[in-house]
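Working notes for the structure below.
Any value given below was found using the heavy atoms of this structure, including those in side chains, with hydrogens, waters and symmetry copies removed. Worth saying up front: this structure is predicted, and the values here are computed from it rather than measured.
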Amino acid sequence: MKVRLTSHITFVLVTLTCAAAFLLCGFAWLAAVKVDDISLRRQADFVAQGLAEQIAALPREQESVAKWDDAFVYAKQRNHEWLLDNVGLWTSRYFGHDRTYIFDDTNRLMFAFRDGADAMPPRLASDDSREMTALAGEVRALLVDQTAKPSANPLGQLATVRTIMIGNRPAIASARPILPSSARMQVEAGQEFIAVSVKFIDGKAAESIAHYARLEGLHFASKSEDGRAEVPVSSHDGGTIGYLVWSPILPGFMLLQQIAPAGLGCLALLIAVVFWLGRGLHRTSLTLLDSQAEITHHRSHLEEMVADRTAEIERQREELDRLLVHERQVNALQRQFVAMASHEFRTPLAIIDAAAQRLCRSTTNVSGDYVHEKAGVIRSAVVRMVDLMESILASGRLETGQITLKRSDGDLKALLVACCDRQRHLSRSHVFHLDVESMPDLLTFDRSAMEQVFTNLISNAVKYSPNAPNIYVRAGVEEKMVEIAIADSGIGMDADDLPKLFQPYYRARSATGIAGTGIGLNVVKQVVELHGGTVEVTSELGKGTTFTILLPIEFLLPDQHVAA
């Protein structure tokens, strides 16, 4: 107990300390995440600004050679050496342009400087010929349109800049006309020479952007890279041609990494101090805890004694209530049985007495047919009394658990047909329609018990359908179940009576005035359940009743024969 208490106190204190440390670490982590998020947004802004600056710088850099009297004159003269020194080499060395082209007034390429070398004869590279020609044509069309609109921007400010893919490389391309810088020279609209400059983004442009944004490892990638920060590079038509990616700088995470060792050491020290304080607290409160434990023990013992006594009283009360309810049920059943038996036995006894009196008065001229008729009446009444007594005895044995099944191999189909034939002789006004051919011939069952089941159901079908002569008996195998259905078109029952129909001595309201004990269906249900099956009933008032017996075929097979 003391060890457990010590562990509990120490555990609580250490848990509280760890919870406080966890909250502190959580706040630190949240702050680091916020700082890193702000840092990433600033890095992305700087990269985007650097890319925008590179795109905007290209036409400005072009202007130093495209708006110049000398460039205008020497381009007209097609002076290759001058263009090489003052246009090609200049833009390559000082501005980092990767390619420079000049198209003459007929849109024919007259000068080409590619990748730091003069291209002779002048020709476009295989990967950019379509884009460069289209860009030059677009500028020339803008010049013609500008001439037709005097209020537009001056010709010297015309430039077309595009972000495009040249082969597999992203590039910034700018095209602008070569115009004189003074008013003493004039050029006819549409006759200008066009200069086109190209700067690859994955080359010096990326280095310039990285230097501008103070980021190491920035480069161009055609697809997103996991674990990298990125800014999309958009083309002039709104699509994305790739991404500028870099290893993100996360100052918050870096700070956490730096302070983590010291923080863990302080946390361990704090937990050790708290543990020592917990042990001291236990030593000072040990005597008080011993006293409290003793008091708690006595109190628990008293509570257990009270609880045991209360539970015993409650069990006795429940047992008395159960016995009282059972006694009431037994008394009710006894009164119901006495009323039923006195009524049911009176009728066959009256029939026997009447038949006997007729025989006594008829001392002369008594024919054999007459005697046979009265004897048949007496026998029928005796059979009725015997069946009644057998049902009462069977019900009693079932309720006390004294009945056992005596299963043996036999023909259940033949037994069902025999019961129908017997009832046919007793009630010649009814017609039996049998459909039992699909039923198995050899099964294992208690012949006496099942005979009583069939007799009860078939006699009920006859008794409760006085004005409906057709009785339908169907038997067969459905989904591993032996199904036996006995249906009539008689008086039927109300739906409220069906749930109580198999209770002892219960009779449906529609059976008023018709002889019966209310025992037979209870016997039927119990016998069928002893055979592992169920009995179902469907009925509609005034339209007849159908009883369906469902017996598992596995339970009835001969190789499953077991003494029940």
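- The closest donor-acceptor contact from the side chain of Ser92 to the backbone of Leu89 lies at 3.5 Å or more, if one exists at all.
- Side-chain atoms of Arg99 and Ser197 form no donor-acceptor pair, as typed in the model, at a separation below 3.5 Å.
- For the pair Glu318 and Arg322, the salt-bridge criterion is not met [side-chain N within less than 4.0 Å of a carboxylate O].
- Asp69 places a side-chain N or O within donor-acceptor distance of the main-chain N or O of Ser182, the cut-off being under 3.5 Å.
- His298 and Glu294 share a donor-acceptor pair across their side chains, judged by distance under 3.5 Å alone.
- Proximity of a side-chain donor or acceptor of Asn86 to a complementary backbone N or O of Trp82 within less than 3.5 Å is detected.
- For Lys204 and Asp98, the salt-bridge test fails: no basic side-chain N is under 4.0 Å from an acidic carboxylate O.
- Taking a cutoff of 4.0 Å between a charged side-chain nitrogen and a carboxylate oxygen, Glu312 and Arg315 qualify as a salt bridge.
- Aromatic ring centres of Phe445 and His531: separated by at least 6.0 Å.
- Counting only heavy atoms from C-beta outward, the side chains of Ile249 and Leu40 never approach each other to under 4.5 Å.
- Defined by atom type and a distance below 3.5 Å, a donor-acceptor pair is present between the side-chain atoms of Ser174 and Gln62.
- Arg169 and Asp202 are joined by a salt bridge, as a carboxylate oxygen and a charged side-chain nitrogen come within less than 4.0 angstrom of each other.
- A distance of 8.0 Å separates CH2 of Trp246 from CD of Glu230, quoted to the nearest 0.5 Å.
- For the residue pair Tyr101 and Asp128, a side-chain donor N or O sits within less than 3.5 Å of a side-chain acceptor on the partner.
- Here the closest heavy-atom approach between residue Leu256 and residue Ala32 is recorded as CD1-CB, 3.6 Å.
- A distance-only check finds a donor-acceptor pair linking the side chain of Thr91 to the backbone of Gly88 [under 3.5 Å].
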Give the intermediate values and the outcome of side chain to side chain contact (heavy atoms under 4.5 Å, CB included) for residues Phe193 and Asp105.
-> CA-CA 5 Å; Phe193 281 52; Asp105 52 356; 4.2 Å; yes
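- A donor-acceptor pair is defined here as one N or O able to donate and one able to accept, closer than 3.5 Å; no such pair exists between the side chain of Asp118 and the backbone of Phe113.
- Side-chain contact, Glu138 with Thr160: no donor N or O sits under 3.5 Å from an acceptor N or O.
- A 4.5 Å side-chain heavy-atom check between Phe220 and Val245 finds every atom pair outside the cut-off.
- In this structure, Gly252 and Val35 approach most closely via the heavy-atom pair N-CG1, 4.1 Å.
- In this structure, Arg140 contributes its side chain and Glu192 its backbone to a donor-acceptor pair below 3.5 Å.
- At least one donor-acceptor pair closer than 3.5 Å links the side chain of Ser300 to the backbone N or O of Thr296.
- The closest side-chain donor-acceptor pair between Glu53 and Tyr212, if any, does not fall under 3.5 angstrom.
- Residues Glu540 and Thr545 form no side-chain contact, since every pair of their non-hydrogen atoms from C-beta on lies 4.5 Å or further apart.
- Residues Trp68 and Trp90 place their aromatic rings such that the two centres sit no closer than 6.0 Å.
- Side-chain contact between Lys34 and Asp37 is absent, with no heavy atoms from C-beta onward closer than 4.5 Å.
- Heavy atoms only, all atoms of each residue included: Pro552 and Gly532 are closest at CD-O, 3.2 Å.
- A heavy-atom distance below 4.5 Å is found between the side chains of Thr163 and Ile241.
- Between Tyr243 and Pro232, the closest heavy-atom pair is CD2-CA, 3.6 Å.
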Val196 and Thr100: CA distance, side-chain angles, deciding distance, side chain to side chain contact (heavy atoms under 4.5 Å, CB included) verdict = CA-CA 6 Å; Val196 179; Thr100 301; over 6 Å; no
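- A salt bridge is defined here as a Lys NZ or Arg NE, NH1 or NH2 lying under 4.0 Å from an Asp or Glu carboxylate O, and Arg474 with Glu483 meets this definition.
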How far apart are the C-alpha atoms of Leu244 and Ile209, what are their side-chain angles, what is the distance that settles it, and do they pass the side chain to side chain contact (heavy atoms under 4.5 Å, CB included) test?
-> CA-CA 9 Å; Leu244 290 173; Ile209 295 171; 3.8 Å; yes
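- Between Arg176 and Pro59 there is a side-chain heavy-atom pair separated by less than 4.5 Å.
- Comment: Glu314 engages Arg317 in a salt bridge, judged by a side-chain N to carboxylate O separation of less than 4.0 angstrom.
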Check step by step if side chain to side chain contact (heavy atoms under 4.5 Å, CB included) holds for Gln54 and Ile172.
-> CA-CA 8 Å; Gln54 289 295 313; Ile172 306 169; 4.0 Å; yes
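- Although no hydrogens or angles enter the test, the distance criterion places no donor-acceptor pair under 3.5 Å between the side chain of Ser539 and the main chain of Gly492.
- When only modelled atom types and interatomic distance are considered, Ser234 and Thr240 share no side-chain donor-acceptor pair under 3.5 Å.
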